[in-house]
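For reference, the structure I am asking about is given below.
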Protein chains: 2
Amino acid sequence: MARLVDVIEMVINQMLDENDGSVIISRNTLAEKVNCVPSQITYVLSTRFTPGNGYIVESRRGGGGQITVMRAKPLSSTEYLKAMLDTIGRELSQQQARLLLQNAISRKAMNAREATIIMAACSDRALGKLDPDARNIVRADVFKNAIAGMLVDVNNNNLR
Amino acid sequence: MARLVDVIEMVINQMLDENDGSVIISRNTLAEKVNCVPSQITYVLSTRFTPGNGYIVESRRGGGGQITVMRAKPLSSTEYLKAMLDTIGRELSQQQARLLLQNAISRKAMNAREATIIMAACSDRALGKLDPDARNIVRADVFKNAIAGMLVDVNNNNLR
DNA sequence: ATAATGTGAATGTCAAAGAAAGTCAAAACT
DNA sequence: AGTTTTGACTTTCTTTGACATTCACATTAT
């Protein structure tokens, strides 16, 4: 029932937790452990453990080859949010938004309530009246503006 | 004979009752259970479980895809926001949004930071790529979803 | 001894198949 | 007239597998 991607993501994160944010894995061994084809590991690494999400992944092929996964050193929440803004392009899918917010929470760059507000504001529900092609574009703008809103000095915003 | 929509609505509400206001459903499975085509579930969700009614619905496609339905907790401290949702029509101007947020702050229904996030998310700036006529319509949806997001029990959202 | 070559052991790539949910408009109710 | 019901088609995300590439090490040729 549980998605393979989720299982793999969890396993890697657990290893990272146990090893101070840096772990060396063997793709084949891990694949065997979770009962999947090796390329599935590659898929998870490239969709979940991206630089944009704060991870660095290095690898070596050949005999004794290996994959190193590292959590990037923790940035301040403001830095983190700014960096996040930079990674967002012209478009943003719902899932991308969700992942960004999840990571922001786990890095304490925002709290769960704030994340929920933003997720709701840029959900497909909220943008349902738009042309599907337009959605990801507008979502990117809504998302970026909401994040930018968090960076604004609360005593100096445009509500008062 | 009870209408299909009513049956489905009841079933979902029952699940929500049994699961503390938040439930993850499989569209296909539920459709099979109540003997209807899957798209009927989508129809019910989009006509009954709207932000205006205090619900947040999120979904993921693909293998292991799922739909999450969340109900705002009937906390008295959030009554104000719920009532506010009801007053918002199909369209919402920037000015109106700002006023609603200012009022919400003065009623302690949200804090300044949260209001700033929402204001930014539905600002003309965020919606700048849209046709001016479309802006107020989309803004209404973004605003409503954001508010509904605040009503969701944070421990119960589907970000984690 | 050194350079070239072979060999097996890894990881990378990519596209097809599969598994869900979303869309939309026509038909059927009320 | 306005809602509900249905179903064909679309989009998104996951899973799999065949094939390509790279690397360390052993072996062979000069």
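Reminder, nothing fancy here: chain letters follow the sequence lines and each chain counts from 1.
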Give the rounded distance in Å between these two atoms: CZ of B:R27 and P of C:dA19.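 Spelled out: CZ on B:R27 to P on C:dA19 is 16 Å.
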
When the distance from CZ of A:R98 to C1' of C:dA21 is rounded to whole Å, what number comes out?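 The answer, rounded to whole Å, is 12 Å.
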
Taking atom types as modelled, find out whether B:R90 and B:N136 have a side-chain donor-acceptor pair closer than 3.5 angstrom.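 No - no donor-acceptor pair under 3.5 Å links their side chains.
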
Any pair with a residue in residues 85-136 of chain A that passes ring-ring contact (aromatic ring centres under 6.0 Å, His included), sequence neighbours left out, goes on the list, sorted by first then second residue, please.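 Non-adjacent pairs meeting ring-ring contact (aromatic ring centres under 6.0 Å, His included): zero.
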
By the rule that ILVMFWY residues connect when side-chain heavy atoms come within less than 4.5 angstrom, directly or transitively, which residues belong alongside B:L16?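 B:L16 shares its hydrophobic cluster with B:L4, B:V5, B:V7, B:I8, B:V11, B:I12, B:M15, B:V23, B:I25, B:L30, B:V34, B:I41, B:Y43, B:V44, B:L45, B:F49, B:Y55, B:V57, B:I67, B:V69.
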
Would you kindly give the CD-to-P distance between A:Q66 and D:dT22, to the nearest whole Å?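 It works out to 18 Å between those atoms.
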
In whole angstrom, give the distance that lies between atom CD of B:E32 and atom P of C:dA21.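 Answer to the nearest Å: 12 Å.
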
With a non-hydrogen cut-off below 4.0 angstrom, is B:I67 in contact with a base, only sugar-phosphate, or nothing?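 Counting heavy atoms under 4.0 Å across all strands, the contact made by B:I67 is with sugar-phosphate only.
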
Please tell me if the side chains of B:Q102 and B:I105 come closer than 4.5 Å, counting only heavy atoms from C-beta onward.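 Sidechains of B:I105 and B:Q102: no contact.
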
Interatomic distance where CG belongs to A:D131 and C1' belongs to C:dC24 [whole Å]: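 Distance, rounded to whole Å: 13 Å.
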
Whole angstrom value for the distance that separates P of D:dT6 from CD1 of B:I41: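 Whole-Å distance recorded here is 11 Å.
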
Any base atoms under 4.0 Å from A:R135, or only sugar-phosphate, or nothing? Heavy atoms, all strands.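 The answer is sugar-phosphate, as A:R135 gets under 4.0 Å only of primed atoms, P, OP1 or OP2.
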
Find out whether A:T78 and A:L81 are in side-chain contact, i.e. whether some heavy atom of one side chain is under 4.5 Å from a heavy atom of the other.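 Heavy-atom side-chain distance check fails, nothing below 4.5 Å.
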
A:R27 side-chain N/O to A:Q66 backbone N/O, donor-acceptor pair under 3.5 Å: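 No; zero donor-acceptor contacts below 3.5 Å.
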
Per-nucleotide protein contact string for nucleotides 11-20 of chain D (B base, S sugar-phosphate only, - none; heavy atom under 4.0 Å): BBBBBBB---

Report yes if at least one side-chain N or O of B:N28 is closer than 4.0 Å to OP1 or OP2 of C:dA19; otherwise report no.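 B:N28 to C:dA19 OP1/OP2: no side-chain N or O under 4.0 Å.
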
Measure from CG on A:L130 to P on C:dG22 and round the result to the nearest Å.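 About 17 Å, once rounded to whole Å.
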
